[in-house]
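Notes follow once the structure below has been shown.
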Amino acid sequence: MDLHVYRNSQDRWHDLRSVARECGAVLALNAVTLEELVERLTPDLKAATAGQRLAVTAAILKRCERTDRAGRLPSFPNLTRYAYHAIDELKAACIRPSELRSAGAAHLADILEQYDQALRKAALDDPHDRRALAALRVRESGIPWLGRFQRVVIHALYDLTEAEFLLMRSLIEVLPDGGAVILFNTTTNIKPTQYAEWTWQRFVQDESLAEKTFPEFCRPSRPNHPLLEKLFVFEPHEPLPPDDSLRIVEASGRYDEVQIIGNDIVDLLHRGESPNEIAVVVRHIETYGEMIEDVFTRYGIPHSFDTGVPLLRIPFIKYWLALLDLVTSERSREALARVMSSAYFIPRLSPKIDVDRVLAGAGYIDRNHVRASQLVARKSSPLTAELERFEQFLDELENSTGTVVDFLSRLRPESSFAQRDRQAWRVLVEELEAVRAISAPDEGLSFPEFRKLASEIAGLRTVDRMISAPAPPGVPRVRIVSPHSLGYREYRWIFAPGFADGEFPSRSASNPLLPDETIEAINGRIRPRRLMTSRDRNRKEPLYLFMILDSAARRATLTYPGSTLEGEIISPSIYVGEIARHYDPAAGAVGEAQARQRAAVTGEAQARQRAAVTIDRPGAHRAPLQPRGEGEWLSAVAHEWRCGRITEERAQQLLGDELLERGKAESRGSARADIGRGVFEVDRVWHPSELNSLKTCPFVFLARHGMKLRRGEMPDFEVPPLDIGILVHAILRDFHAEPVPASEELARARMDEIVRRRLAPADVNGQGPHSVFDPSLWKIRRQQIVAVLHRYVDFAVHDALDGFETQSAYLDNALPPARLGEVLLCGRPDHVSTHRAGDRIDGIRIDDFKYSAASGSTARLLKESFQIPTYAYLAIQALGADPSVRTDGRYLLLRSPENPVISYSINEAVIDDVRMRVEALIRKVHEGKLHPDPTEKQECIDCEYRRLCRMYGG
Ligand code: SF4
């Protein structure tokens, strides 16, 4: 009897299912996975879990840090993770500390030695050591169970580690008929498949083993065989004849890729294909896993994932780790709000409480600024008590020490879980609790150490992917596999998304603890064993491509996204170009449209054949996807209605009134902002800020002043302009409460005294009128403000000397509204002063403070602003001055101490020009023509309404 060894239980099931179907059941004692074989041979040994190995590694590094050994260890982030992986690689290659020392890697030798000691002390074994020990037992102990087998058959294990190879080798040597190694294809194109070839070579390089090892091929060559023979071969050759065994599709985005695949699979299933004969091969499951799950569930495709999900991606674990991060991090507003708003947060807050908004409203930035509970208490927020409790809980945790079990008991969730969360939490807790076995019972961890351990384990451990509509056991299903699971069996239909540049092939991550030079030095000492260099590991990539193409008995469909969600272009993988290179460019690199055109001449069948080797790019030629889910059906109906292929009446029946109305509105595009004549009341008082918005873009006016939409102001370390404005106005009011002194020194002394008084709360504890200032930034901004106020004092003194008098009636009050042409205007300048010649006003000066820095665009914007001309006109009217009076306007820039003033003169011509512009703008409002129409398209990039207007300046 043969002993069959498989990579995993799915491969075994595939082999046994025909027997099982025939007999109703099968008891295959001779078919085992590699892991089951090791368990069978070493039932008395206990392999250390991932968490235990990680904890041991972390403890070793901590010890190294305390001793002088630390000097030899490079220091970089995630050192524990790298050390964990380095130990794993060294163990997989059965490398001993003495060999590392002789290769000059003394620090790795130290770590490995301590690792062995720690596991021995805990009566645990490294999983790789366990395999090596199993190999030894096979050879030396005469295991009776093995006596019943004649031969071992090794099924497509082409990436055996040294420890696994030792085990297979021992079996081949011990069993009377040796062993058969199943090879995955018959290609003679050895170079790109070198990675798999290595496995075979290991069995035949040793003469004694070669005599007892025989190759077997798991399948005959497949339709893509001619292409496989040519891939990565650069000698010129005749273009390959087109066939339909390979299809390459460019999708508009990643989700579209998955929808195209889902659609094709549904078509196949409708045509009677078995789901068991379809596989989706995903190189980066972390990118595509959720999308596949979503689309396949919606389309009703029975499916199962062969790949697990890292604990890190399970919602509850994500929340739990975010909570741990909050303990030691700066507790930014976003991070704090994310945790407190989560459905997992206990006590669950009312959905009516928007934590982020409450924290933003209170001016919370992070805990380096002021504590959140203190800030919300100033606003008497109902969240105060909860924030106090939560911050105290976090502080206590931060400073605590305890065992893993202590921390777990304090952080154990109280909420009821979804099944997926429960399973993930159980796995994480088991891993963490298992750490007890390798530490002294009373050994305590600091909180940061516990957090690090928990996050590292969550990053390493995976759980089975739960799907929302799991198929019952035994029901055929489409398998979602990673490329390395291929090679054993074939599927009629293979779909492979993600053929994007930089993703497939993707570079293997290098380990700074095991750079290639160190690996070369170690390999020099351990021949014929070897560790893989990064170049060796990268050879897996072409092998994956080969296996995808070779495992498709009928057709392989490769897809790639054309762009990201944000619209950035994604280039296809170099493998797409490599494949297209071997076909006739006239047939291979064109789109389906050209192929269809050719159909008129060559006939439909040939056109279809040619289209099969094309790169199918998005465009008008591509028929829309067949709708599958309800949302897709509704979109399809709306599309048909918009194209005029169905009547409005029919659309109303299918879509309902609400969707129909929305569709009608959507179809108007940006013209929806043309709200119609007379909707806005125009016979009212207009403020210059409204006119400025109208001038910038009518849609900005509609959004800001019509719909009152504002971007939420998020507190940051910058001192808020509103607070600065309030403080400066108060200072000015006090300054002009008395006549301006005649000397600059006196005037400055008065200004300094007012500044000191008015800014005292901000100077003492950062308290502004509405928020709390960051002390370091306030120091900078204060200096700038004081410098500008000093310059203003100089102007004020000169103005006073020139005979200008402050109009104190308008210091803190708006000017009376007045009509300019047909439009009633209002405004409130910061300071108005007048010069008189006898009873007659012969000069007016208007000052307005701006919280900006001087720049070309600021100067232009201010000069074009309606503000100063409006104030000037209103002041002339209010003071009864002659319209031809000399009027100067000044903007004082509070963040530009070097160049604080932008000034210009207002005369009758300017006012007349303003009148005409204002009237034209108001006419637009009256007619309701408020569609996006920016004066300067380049300003759209900074417009806060650009996502709303859908123009993006286009
Ligand atoms: S993005 Fe441009 S077009 Fe759109 S509202 Fe803003 S200014 Fe107007």
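For ligands, and for the atoms within them, numbers begin at 1 and follow the listed sequence.
In summary, Cys940 places an N/O/S atom under 2.8 Å from atom 2 (Fe) of ligand 1, meeting the contact criterion. For atom 6 (Fe) of ligand 1, the N/O/S atoms of Cys697 include none lying under 2.8 Å.
Here Arg890 pairs with Asp847 in a salt bridge; the nearest charged N to carboxylate O distance falls below 4.0 Å. Ionic pairing of Glu632 and Arg298 is present here: one or more N-O contacts between side-chain nitrogen and carboxylate oxygen are shorter than 4.0 angstrom. With respect to Arg650 and Glu640, no salt bridge is recorded, no charged nitrogen being found less than 4.0 Å from a carboxylate O.
Interface atoms of ligand 1 facing Cys949, defined by a heavy-atom separation under 4.0 Å, are 1 (S), 3 (S), 4 (Fe), 5 (S). Those atoms of ligand 1 that come under 4.0 Å of a heavy atom in Phe699, given as number and element, are 5 (S). With ligand atoms numbered from 1 in the order given, ligand 1 contributes 1 (S) to contacts under 4.0 Å with heavy atoms of Arg946. The atoms of ligand 1 that sit less than 4.0 Å from any heavy atom of Cys943 are 1 (S), 5 (S), 6 (Fe), 7 (S). For ligand 1, the atoms closer than 4.0 angstrom to any heavy atom of Pro932 are 3 (S).
Remark: the Tyr871 side chain and the Gln867 side chain contain an N/O donor-acceptor pair separated by less than 3.5 Å. For Asp888 and Ser903, the side-chain atoms include no donor-acceptor pair closer than 3.5 Å.
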Mind listing the side-chain donor-acceptor pairs of residues 916-926 below 3.5 Å, one per line with the distance, residues two or more places apart or on another chain?
from: Arg917; atom 1: NH2; to: Glu864; atom 2: O; distance (Å): 3.4
from: Glu919; atom 1: OE1; to: Arg915; atom 2: NH1; distance (Å): 3.2
from: Glu919; atom 1: OE2; to: Glu822; atom 2: N; distance (Å): 3.0

